[in-house]
Amino acid sequence: MALGLILGLGRAMRRKRTSSLDILSSKRAPRDYYKGKNCKPTGFHTRKGGYVVMQEKLPNYVVPNLTDFKLKPYVSQCPREVKTAEASESAK
């Protein structure tokens with residue numbers, strides 16, 4: 001009898017914490033719950049079921065012109081050590 005109580009307490013301690021059940025997902029929520037993917041809306045729904053995209057809500061990426069840029073986009077994982085006069089002067 002005492003062994004059964006001890007085993008029962010041990011099982012209760014090993015169970016998942018109740019805080020993990022507090023995370024709300026679409027499976028544990030009401031039918032009309034929609035969690036989404038943490039994205040901001042880019043427009044709005046109309047009364048007739050359409051969707052209007054607003055240009056001011058779309059992301060705007062500003063990319064500079066890199067036609068005469070000397071550096072290449074690849075960065076090596078094993079860079080070579082380059083000794084320059086400036087680096088040796090600053091170490092002194």
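Under the side-chain contact (heavy atoms from CB on, under 4.5 Å) criterion, Pro64 pairs with Leu66, sequence neighbours left out.
Shown here is Gln77, whose CD atom has no more than 12 heavy atoms of other residues, nucleotides or ligands within 6.0 Å.
Summarising the geometry of Tyr51 relative to Gly43, their closest heavy-atom pair is OH-N, 3.0 Å, with the distance given to 0.1 Å.
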